[in-house]
Amino acid sequence: MADSPWQHYNSAKANLRQTIWDRLATAGVTVTPPHGHIPNFVGAIAAAEKLTTLASWQRATVIKCNPDQPQAPVRHQALAAGKTLYMAVPQLVNESCFVAITPEQLPQDLELAIAAEKNNILKYGRPVSFAEMKTIDLAVVGCVAVSVAGGRMGKGAGFADLELAMLQHFGLVNKKTTIVTTVHDLQVVPPAALPLEAHDWPLDWLCTPTTIYQTHHNQLQPQGLDWQQIRPQQWETIPILKKLYAKNSEKSP
C-alpha cells in the first residue's frame, strides 16, 4: 500500500507504528499482512461482540464507523441491530464523504455479514452531505496502537481525526458522542508510549477479543478543524476539506 504524501511526519509515532506492525506479524495474529494497514486482526468478531455489550452502544441509534476490514464485524453488528450506519468514503475522495446505510436498503437475500463489507456498503449505501446527516451517538475509529489512557494512533494519514473534526464542525459529533475502537490485545501499549496530545481525539472505550477497557481520560475533545495541524497536502487532495479551507481563508484577515 502506498503511503499518503503526509504520512509519517511524526517520527516517534512512526516508530511505534512499525513496532506494532512487526509485533503482530511475528505473532501471526492478523488475517492479512498488517504493515501499512489498520491491522485485520484475528478475533475481530469477538472484539465487535464485546463492543455490543456496552451501554453506550446499546443506546446508540446512529453509528459512524471507519471502512477498514477489521471493523467489518462492527458494521455487521450495527446493521443487525437496525442502527443507522455512516461509513466514511475511503480517503475522503468524494465531497459527500460519508455513505449512510440501514438494513432496509439492502437486498433481502444478502447476508448482513457480507453486506457489512466496505465495497457493499459503498454499493448499497447512499452518499450523504453533512447537512443530511444525523447527530452521531457513537463513533468507531480504526487504530494501529491504543493505550488504556485513551491514546490512539492510526496509519499516520490522519483520516480519523479529520473525519471527527469535520463532523464536529457541522455539529454532528459533540461531547456526548462516545469514541471507541476494536483492536487486538497486542495493539494495546502503555500510556507513556502513546501520550495524548492536545489535537488528539481520545478514546472512551477500547475492546479487544478478550477485554473491555474504559479509558477514564479527562481530555476534552479538540474543537473544530485545527488549520495549524492540517497540512497543505491534506486540504489540497480532500475535496470537502479544500472547500472548508477556502471558506476559512475568506474569513481570515
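Note that the coordinates shown come from a computational prediction; the quantities given were computed from them, not determined experimentally.
- The hydrophobic cluster containing Trp205 also contains Leu138, counting ILVMFWY residues as joined when their side-chain heavy atoms lie under 4.5 angstrom apart, directly or transitively.
- At a threshold of 4.5 Å between non-hydrogen side-chain atoms, the residues Tyr124 and Leu106 count as touching.
- Of the possible donor and acceptor atoms, none in the side chain of Arg126 sits under 3.5 Å from a partner among the backbone N and O of Ile101.
- In this structure, Thr30 contributes its side chain and Pro33 its backbone to no donor-acceptor pair below 3.5 Å.
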Would Val62 and Lys83 count as a side-chain contact (heavy atoms from CB on, under 4.5 Å) here? Give the steps. CA-CA 6 Å; Val62 181; Lys83 301 178 188 294; over 6 Å; no
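- If you check the side chains of Ser129 and Glu132, you find a donor sitting under 3.5 Å from an acceptor.
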Residue pair Thr181, Val146: steps toward the side-chain contact (heavy atoms from CB on, under 4.5 Å) verdict: CA-CA 9 Å; Thr181 194; Val146 298; 3.9 Å; yes
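- Residue His76 holds its NE2 atom at 13.0 Å from SG of Cys65, rounded to the nearest 0.5 Å.
- Using modelled atom types, one side-chain atom of Gln187 and one backbone atom of His184 make a donor-acceptor pair closer than 3.5 Å.
- When hydrophobic clusters are built by joining Ile, Leu, Val, Met, Phe, Trp and Tyr residues whose side-chain heavy atoms come closer than 4.5 Å, directly or via intermediates, Phe98 is grouped together with Leu164.
- Heavy atoms from other residues, nucleotides or ligands lying under 6.0 Å from CD1 of Ile45 number 12 at most.
- Counting heavy atoms from C-beta on, the side chains of Arg152 and Leu196 never come closer than 4.5 Å.
- With salt bridges taken as basic N to acidic carboxylate O contacts below 4.0 Å, one links Lys13 and Glu197.
- With a 6.0 Å radius and a threshold of 12 heavy atoms from other residues, nucleotides or ligands, Gln58 has its CD atom above the threshold.
- When side chains are defined from C-beta on, Val180 counts as touching Leu51, because their heavy atoms get closer than 4.5 Å.
- In terms of heavy-atom proximity, Ala47 sits nearest to Val183 at CB-O, 4.5 Å.
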Would you check, one step at a time, whether the test side-chain contact (heavy atoms from CB on, under 4.5 Å) holds for Val148 with Tyr213? CA-CA 6 Å; Val148 295; Tyr213 299 93; 3.4 Å; yes
side-chain contact (heavy atoms from CB on, under 4.5 Å) between Lys118 and Arg75, intermediate numbers included: CA-CA 9 Å; Lys118 174 183 68 179; Arg75 300 192 294 269; 4.2 Å; yes
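- In this model, no donor atom of one side chain and acceptor atom of the other lie less than 3.5 Å apart for Asp204 and Thr215.
- In this structure, the side chain of Arg23 engages the main chain of Leu186 through a donor-acceptor pair within 3.5 Å.
- Inspection of the Asp68 and His37 side chains reveals no N or O donor paired with an N or O acceptor under 3.5 Å.
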Begin with the C-alpha distance, continue with both residues' side-chain angles, and end with the deciding distance and a verdict on side-chain hydrogen bond (donor to acceptor under 3.5 Å, both in side chains) for Thr61 and Asp137. CA-CA 7 Å; Thr61 59; Asp137 300 311; 3.2 Å; yes
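- Checked by atom type, the side-chain pair Asn66/Gln71 shows a donor-acceptor distance below 3.5 Å.
- Hydrophobic clustering (ILVMFWY, side-chain heavy atoms < 4.5 Å, transitive): Val31 and Val144 are in distinct clusters.
- With hydrogens and angles disregarded, no donor-acceptor distance shorter than 3.5 Å links the side chain of Asp200 to the backbone of Gly151.
- Once rounded to the nearest 0.5 Å, the distance linking CD1 of Ile63 with CE of Met87 reads 14.5 Å.
- With 3.5 Å as the limit, one finds a donor-acceptor pair spanning the side chains of Thr210 and Asp185.
- In this structure, a donor-acceptor pair under 3.5 Å is present between the side chains of His35 and Asp22.
- For the pair Lys50 and Trp57, the NZ or CZ position fails the cation-pi test of under 6.0 Å to the six-membered ring centre and within 45 degrees of the ring normal.
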